Structure formats: structure tokens, C-alpha cells
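Take a look at the following structure, please.
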Protein chains: 2
Amino acid sequence: MPHCHTYLKKLRDHGYRITPQREMIVQIIAHCGRHMSAEEVMEKVREKTSSINIATVYRTLDLLVENGLASRFDLGNGKTAYATGEHGPHIHLVCKHCGSVTEITESDISASLDKIEDLYDFDCRPYHFSVHGLCRDCRDANPD
Amino acid sequence: MPHCHTYLKKLRDHGYRITPQREMIVQIIAHCGRHMSAEEVMEKVREKTSSINIATVYRTLDLLVENGLASRFDLGNGKTAYATGEHGPHIHLVCKHCGSVTEITESDISASLDKIEDLYDFDCRPYHFSVHGLCRDCRDANPD
DNA sequence: TTCCCTGCTGCGAATATTCTCAATAAAGGA
DNA sequence: TCCTTTATTGAGAATATTCGCAGCAGGGAA
């Protein structure tokens, strides 16, 4: 469960510059412990300083995602959520019908994920992606 | 491997109306056999008629996704692709670094997917979602 | 076949995200 | 500490997608 300084160090090690904006953004999503939209992250930063732009928030979040320090996931309604891998690998099951999101943690699925990784030689740590389907409620209410 | 009439019938059975726009959109993505953006779908429809609006294309594609007749997948750069389940369940591995997309077919991953389904009682046929990670090339070029 | 109800469409506005580019500032070297 | 290089930022435009609403039309009822 890496601390926000670990994230910053990793960025620095990768040759990226550490700016006040990046520090604040990393601090916020590392300590939040849940998923946040770019808009939410910006509001949190705004509580500390007015010197922040939404484009910078998106760019920083993308940077974290590209370097494996955070994950992006599409909620399926035009919104995107971001989170660090701090609370461990997990999958989001997003219901295509009602939009409900169910979170599944690593211990439940490690076998499946390991298999995907072994087979495809694809580094996806922290595992964090979304699967869109129908939740039990929606399926029961409207069977095929 | 359902034919486009099957899709239309399913929509009708679900109580949705079949309009010329919906027919054309279903025909196009059912016969295309690959992923298409909403913009591409609209261009194809425009070859047949000018009576189509991008909002309708999005709405119809969403309708198909919600009813399990097609899948949406986020390419990670603000673009979204759609496809029917015609060519079978599969997972897209999207490289977070270079954006390359690797497609994995059902036979390769059925064990993993079955496990996810069994554990979480989540109907996700046709399985079709994306996992974002680092492809082998990018990982080799820029190890942690 | 005709009528009517209500779901669907097109249009334009709203929203979320990305892009462009000039100005700024981080970080290493002198 | 100061200088230099160049990555990063902010502002606003561009793009992708969704939303709201008024008018239209699919399809069941008569």
C-alpha cells in the first residue's frame, strides 16, 4: 500500500518533474481511498489553491495511469473515474441496465487475473478494470 | 453468430420500435465484423440516407449495449468503439503507453471468464471488455 | 384500414475530455 | 546561487458524447 511519496518518487525516477500541482493531485487521490472524477479531484485541489486547471488534472491523472500508478475506469455514461492502486487490485462490474457498480477485490479473483496475465504477458498491476454486464436484479426483472 | 434480423427481433421482443434508422445501424455493425466508432457508423448510414443524426447513432448503439446485443469499449484516448457479439466473446488488451490493442478470443480465456461469471453471478455474454496495461514492447523499452 | 398513444428522432445546447501553443518554472550544471 | 534547457502549466478552442424538448411516426387497438 504505497504512500503518496512513493508515487512522487516513482514519477521523479521516471524523469518527470514534480510540480506543486502534481504533488497535490497525487496526495489527494492516494489518500482518498475511493474513486474520484477529474472534476472532484480539481475541487479538492481548489480547496488548497486556485492555481490549478482542469486540463492539468486530466494530464496528471493520465500520467499516473500510463505509469501504472493509478487506474482509469469508464462508468459507461460518459463519466470516468480514477483511483490509485492503493486499495488493491479489483474489478468493477458495471450493470449495463441500471448502472450499479459492484467492486470485486483481489482475493476473490486472483486466479482469473493470474491466468490472464500468464497467458498474455500483459502487465496490468494494479489490476483494475471494468466489466459491463447485467446485474442479478436487472436480469431477474427482465429475463432474456 | 446471430444475423442482423435476430438483433432486430430481439429489440422488438423487448418492446422497442424498429425504425429505419435502427435497422440501418444494426445492419451496419452486425455485418461489419470489426469495431466501429459512432462517427464511422454514421458515415456508413449517410451513404444510404441523409436522414440520420449522430445523437440517434449514439442512442441506438447504447440501446444495443444495454440489451447485450453489442459491446462498447473505451480506447483510453477519449474514443469509444462498438461491435456486436457476432465474432464471439473477447477481451481487448489496450496498452496504456503506446495505445496498441491486442484482441484475445474466447478459447484462450474461457477459464478465466467462467470463473468471473461463476463467482459473481454476472451475465456478461457476449464477453467483451478491455483491460488496460503495458504491452510487452513498452515494458521492455521502459522497465520499472 | 384508420386512429391514437407513446416511444423515437433531429436539432441544438450542455457536458466531459483532449489539444494547441505561448509563458512559466523544475532540476541539473557551472 | 544563477543560468540554461525543456517539461509543464493555463487558457481557450476543438472534439466526443449526452441531454432536453418539440414534432414525427411505429404499431397495437378498433
Side-chain angles (χ1 to χ4, degrees), chain A residues 7-26 29 35-43 45-46 48-67 70-82 94 96 99 132 142, chain B residues 7-26 29 35-43 45-46 48-67 70-82 94 96 99 132 142:
Chain A
Y7 291 115
L8 292 171
K9 185 177 182 316
K10 278 204 177 178
L11 285 184
R12 181 174 282 127
D13 290 349
H14 282 236
Y16 296 106
R17 291 178 183 174
I18 305 307
T19 66
Q21 289 88 345
R22 287 183 175 169
E23 278 187 19
M24 284 185 284
I25 291 168
V26 165
I29 80 160
H35 309 94
M36 303 181 81
S37 66
E39 194 65 38
E40 280 181 301
V41 171
M42 192 172 78
E43 279 168 22
V45 177
R46 274 272 158 78
K48 301 182 176 188
T49 174
S50 64
S51 173
I52 191 69
N53 184 279
I54 188 69
T56 301
V57 174
Y58 278 110
R59 276 184 296 228
T60 303
L61 291 173
D62 288 347
L63 186 73
L64 294 172
V65 171
E66 273 161 30
N67 286 276
S71 302
R72 166 177 26 216
F73 94 103
D74 168 34
L75 288 174
N77 61 343
K79 307 288 175 61
T80 304
Y82 295 84
V94 183
K96 291 186 284 195
H132 295 248
N142 187 20
Chain B
Y7 290 117
L8 292 171
K9 184 177 182 317
K10 277 204 179 179
L11 286 184
R12 183 174 281 126
D13 290 349
H14 281 237
Y16 296 106
R17 293 180 183 171
I18 305 306
T19 66
Q21 289 87 346
R22 287 184 176 169
E23 277 187 17
M24 286 185 283
I25 292 169
V26 166
I29 79 160
H35 309 95
M36 304 180 81
S37 68
E39 195 64 38
E40 280 180 300
V41 171
M42 192 171 76
E43 279 167 22
V45 177
R46 274 272 158 79
K48 302 183 178 187
T49 175
S50 64
S51 171
I52 190 72
N53 184 277
I54 188 69
T56 300
V57 174
Y58 278 110
R59 276 185 295 227
T60 301
L61 291 173
D62 288 348
L63 186 72
L64 293 172
V65 170
E66 274 161 29
N67 286 274
S71 301
R72 166 177 25 216
F73 94 101
D74 168 34
L75 288 174
N77 61 343
K79 307 288 176 61
T80 303
Y82 295 84
V94 183
K96 291 185 285 195
H132 296 247
N142 187 22

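Below, chains carry the letters A, B, ... as their sequence lines are ordered, and counting in each starts from 1. Since the structure is predicted, the reported quantities are computational estimates derived from the model, not experimental observations.
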Over how many whole Å does the gap from A:Leu8 atom CG to C:dA27 atom P extend?
10 Å

Rounded at 0.5 Å granularity, tell me how far CG in A:Leu64 sits from CD1 in A:Ile29.
5.5 Å

Rounded to whole Å, how long is the line connecting atom CE of A:Met24 with atom P of C:dA26?
11 Å

Any chance you could lay out the side chain to side chain contact (heavy atoms under 4.5 Å, CB included) test for A:Leu8 and A:Glu23, step after step, and finish with the verdict?
CA-CA 7 Å; A:Leu8 292 171; A:Glu23 278 187 19; 3.9 Å; yes

Rounded to whole Å, please give me the gap between CD1 in B:Ile25 and C1' in C:dG10.
13 Å

Min side-chain heavy-atom separation A:Met42-A:Ile52 under 4.5 Å:
yes

Just how far is it from atom CD of A:Glu43 to atom CD1 of A:Ile54, taken to the nearest 0.5 Å?
9.0 Å

What is the separation between atom CZ on A:Arg46 and atom C1' on D:dT9, rounded to the nearest whole Å?
13 Å

Each nucleotide in nucleotides 25-30 of chain D should get exactly one letter: B, S or -. Can you fill that in based on protein heavy atoms under 4.0 Å?
BBS---

Can you tell me how far the CG atom of B:Asn67 sits from the CG atom of B:Leu11, to the nearest 0.5 Å?
6.0 Å

Can you see if the side chain of B:Asn53 gets near the phosphate of C:dC11 - specifically, an N or O under 4.0 Å from OP1 or OP2?
yes

Please report the distance, rounded to the nearest Å, between NE2 in A:His14 and P in D:dT8.
13 Å

Indicate whether OP1 or OP2 belonging to C:dA25 is found under 4.0 Å from a side-chain N or O atom of A:Gln21.
no

OH of B:Tyr58 versus P of C:dG12: gap in Å, rounded?
18 Å

Would you say the side chain of B:Arg59 lies within less than 4.5 Å of the side chain of B:Asp62, judging by non-hydrogen atoms?
no

By side-chain contact (heavy atoms from CB on, under 4.5 Å) - contacts of A:Arg22 (at least two apart)
A:Tyr16, A:Thr19, A:Thr60, A:Leu63

Atom-pair distance (CZ on B:Arg22; C1' on D:dC24), nearest Å
14 Å

Any side-chain heavy atom of B:Leu61 sitting closer than 4.5 Å to one from B:Val65?
no

Dump every N/O contact between nucleotides 20-23 of chain D and the protein below 3.5 Å, one line per pair.
residue, atom, partner, partner atom, Å
D:dG20, O6, B:Arg59, NH1, 3.3

Residue pair B:Ala38/A:Ser51 against DNA chain D: nearer the 5' end by closest nucleotide is A:Ser51

For DNA chain C, the dot-bracket notation using Watson-Crick and G-U wobble pairs below 3.5 Å, [ ] for pseudoknot-type crossings and | for other-strand pairs, is ||||||||||||||||||||||||||||||

Residue set satisfying side-chain contact (heavy atoms from CB on, under 4.5 Å) with B:Glu40, at least two apart, ordered chain then number -> B:Arg34, B:Met36, B:Ser37

Going by side-chain contact (heavy atoms from CB on, under 4.5 Å), name the residues that satisfy it together with A:Lys9, two or more places apart in sequence or in a different chain.
A:Asp13

Could you tell me the separation between the CE atom of B:Met42 and the C1' atom of C:dG10, rounded to a whole number of Å?
12 Å

How far apart are the closest heavy atoms of B:Ala38 and B:Tyr82, and which atoms are they?
N-CD1, 4.4 Å

Measuring to OP1 and OP2 of C:dT17, would you say a side-chain N or O of A:Thr80 lies under 4.0 angstrom away?
yes

